[in-house]
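One structure is given below, encoded as structure tokens.
Naming convention: chains lettered A, B, ... in sequence-line order (proteins, then strands); numbering from 1 in each chain.
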Amino acid sequence: MMGYDFKTVEKKWQKQWEETGVFHAKQDFTLPKFYCLVEFPYPSGQGLHVGHPRSYTALDVVARKKRLEGYNVLYPMGWDAFGLPTENFAIKNHIHPAEVTKQNVAHFKEQLQSLGFSFDWSREINTTDPKYYKWTQWIFLQLFKKGLAYKKEMAVNWCTSCKCVLANEEVVNGVCERCGSEVVRKVKSQWMLKITEYAQRLIDDLDDLEFIDRVKTQQRNWIGRSTGAEVDFVATTGDVLTVYTTRPDTLFGATYMVVSPEHPYIEKWADKLENMDEIRAYQAEAMRKSDFERTEVNKDKTGVMLKGVKAVNPVNGNEIPIFISDYVLVSYGTGAIMAVPAHDTRDWEFAKKFGIPMVEVVKGGNIEEEAFTDCATGVMVNSGFLTGMSVEEAKEAIKTWLEENNKGKTKVNFKLRDWVFSRQRYWGEPIPLVNCEKCGWVAIPESELPLELPEVDSYEPTENGESPLAPMTDWVNTTCPCCGGPAKRETDTMPQWAGSSWYFLRYCDPHNDDALASKEALEYWAPVDWYNGGMEHTTLHLLYSRFWHKFLYDIGVVPSKEPYAKRTSHGMILGENGEKMSKSRGNVVNPDDIVNEYGADTMRLYEMFIGDFEKAAPWNSASIKGCRRFVERFWNLQDIVVDGDGYRESLEASFHKTIKKVTEDVDNLKANTAIAAMMALLNEIADTGSITKGEYRTFTLLLNPFAPHVTEEVWSVMGFGGVVTDQKWPAYDEEKCKENSIEIVAQINGKVRAKLVVSADIESDEAIAMAKADEKIAEAIDGKTIVKELYVKGRLVNIVVR
RNA sequence: GCGGGUAUGGUGGAAUUGGCAGACACGCAAGAUUUAGGAUCUUGUGCCUCACAGCGUGCAGGUUCGACCCCUGUUACCCGCACCA
């Protein structure tokens, strides 16, 4: 037998799969469907990374198995191609970003195809294709029309060297990710999407989803729901200063207040404040600091007292001072807090530094040492009508009091902020709005979609931080669709997250020009049955797309409340040294090299075998040989084939057990142990010196989802008929998984002393009797008192002696 | 600081969820075959032992006939968030 020529064989089958379109999802909506999805890649210039195939292979195995099980499977692929690296490459090399994208996509596609993934390439999509982003823009317009898109002045990150606005993700440790220059705050007008309006539903609906727990937890924490109360303090100016607190029970202990440096009352009170110079200096200082600096100085509290104005604690009438400090954020709650130094760590630090008195209102700690923040054990003291209550009782009592006396109310707050949706960049979807002096912001007619990106002379961001589209006056100047008067187009573009927020819907019906997808296609395919992707997208892409999907559900475009029924996440593939793979560390493994040297099947098997799918795993170029040997040993079974349709008696139980194991493991994302089971079965077969045709046939089917090329070739060479992709997944019989006789262990006081071969259905009494009859056991219990005897079915006998 | 997670042979990792710890694979050792081998095959391989026995899942306790698994405490590392009142 010749050695296995993977290079020829793999190319041959890849070509045939493409030509016959075997992996195209069927248009027959009466079949049971299975939609499995992996995150579509950003086609970077570096090409595919060995991390990509881990996710793609895992769901390819699922997709291939589901097809064999009779499902109509949709396993699509596409390109999330808008984005900064492409734009920067285009700027540097004076090539149009669309051209760069085209080249990168071609490279990626070739790499993906060399790995033999069963993607339905007839449904390939690209977020930069105007036919695609027409619908991204359409969704934005619906959001705008429902009042969920709004423009707001806000502080953004501004790179002093690139002279451009950066997304939060592009600011790393306070400096620009690209050039390492200082990033400062700059106030600009930005489009925002009201994701906060969906905060509660985004939390509640997680309950019904089959997402792995850490994804659910991370989303819940990110959305950050808290319940507390808003309390109105009245300032000596007569103004009501409202605060948000989760500890209204400690109201009697509020000995001062803090407002954020940006709080509007400061300007309002300007003529009453005696130390306005000092206050302005502090404000200027806070303004100049980036978010990073503001949070970095975390340890040392700073602030200035507002002299000339005080506030009254509504529950006891005490006059208390007001401070400004940057530890209070404008963007959360009301931008003002009541400070209870005895029971809040931050307030405690601030009060110690500024010599503000503390009042203990919850007994149980030592407030001289540190703030006592425990809610579970304390008892209320020094708190008027709350005294003697537990913290939980006090919370309820004070809320009732606040509402009855019209001094506050119960309130829920979220950490989640609205989504900053503008980018001053070229390579993104144009925002389809115009600004008219008379009518304000107006949507362009849907008939004018897609609003295509114009050709520009330069993709460089401009000096003043405006989009590269801004100087394109021909394009910018237009007429108002509303009044026909002169108007200007929005020149900001959408962020990279826009196109990926709904792409899974487009796959259902990717060539539809009349809708983002047909109703029938959406009814049939939605929701995605299984979505796998990286943990790093949990609080961005995954949350954004759930938000868009819920909105589309609300306006009747999609039939399901949630986009994804199940979400799993793969661990990273690390470099050989156990560190994250990166160019700068020099530990990057190129998948092309692996495919060249070992073949796609080996690469696929190795990535699945490397370890627990959910955990990070270091690449090991020595271990991969084991998978190559497995492929070759499987191929070489041809040398020992004998006639016979079924399983030989000695192997029957092993076959049934292995089929069961592989079937269940694939569904549970445990390909590593599925492969181990197949390796073990192969070893067992090899020990017999032969394999029947029937056994080889089953083995080939089992291995096919993991190693599609070599199995297809064996199927063909052995003349099993047709192609593997048209076959049925092998069945197992639970009864036949059981061996007739099994080995159990006999223990004395929990320590193994002997092994017994017994009939599988042996009863307790008999097993214990057999154990006692064993020479070693008899010796061990001789002269001792038997305290207890037990038999664990199919496992062991344990005799406890004294 | 808060939240989530991890710790098992020389290495990657298994362990039916409380029941033989180390499946499967890499590596290593010995042997076979080969002109040769970074190819293939066979055998062995947790530690300590000639052997019986003993010891062993980060560390210290506990519960149990029995603990990698449950409980208490503790250490180290990884990931996410980070003054969210």
Integer-rounded Å distance: B:G66 P and A:Ile799 CD1: 15 Å

List the protein contact pattern of nucleotides 7-23 of chain B with one symbol per nucleotide (5' to 3'): B for base contact, S for sugar-phosphate-only contact, - for none; contact means a heavy-atom distance under 4.0 Å. -----BSS-B--BB--B

Does a nitrogen or oxygen in the side chain of A:Tyr327 sit under 4.0 Å from OP1 or OP2 of B:A85? no

Spacing of CH2 belonging to A:Trp419 relative to CE belonging to A:Met192, to within rounding of 0.5 Å: 11.5 Å

For A:Phe6, the ring pair (Phe, Tyr, Trp, His ring centres under 6.0 Å) test, sequence neighbours excluded, returns none

B:U33 to B:G27 separation - P atoms, rounded to the nearest Å: 23 Å

Do A:Tyr606 and A:Tyr598 have their ring centres less than 6.0 Å from each other? no

Does A:Phe706 have its ring centroid less than 6.0 Å away from the ring centroid of A:Phe609? no

Kindly give the atom pairs (protein nitrogen or oxygen, nucleotide nitrogen or oxygen) under 3.5 Å for nucleotides 27-29 of chain B.
none

Applying ring pair (Phe, Tyr, Trp, His ring centres under 6.0 Å), can you list everything that pairs with A:Tyr198, at least two apart in sequence or on another chain? A:Phe547

A:Phe211 six-ring face occupied by A:Lys216 cation (under 6.0 Å, within 45°): no

Stems involving RNA chain B, each a run of at least 3 consecutive Watson-Crick or G-U pairs under 3.5 Å: B:1-7 with B:75-81, B:10-12 with B:24-26, B:27-32 with B:40-45, B:58-62 with B:70-74

Identify each donor-acceptor pair in which a side-chain atom of residues 787-795 of chain A lies under 3.5 Å from a protein atom, sequence neighbours left out, and give them as a table.
from, atom 1, to, atom 2, distance (Å)
A:Glu789, OE2, A:Lys772, NZ, 2.3
A:Tyr791, OH, A:Gly794, N, 3.1

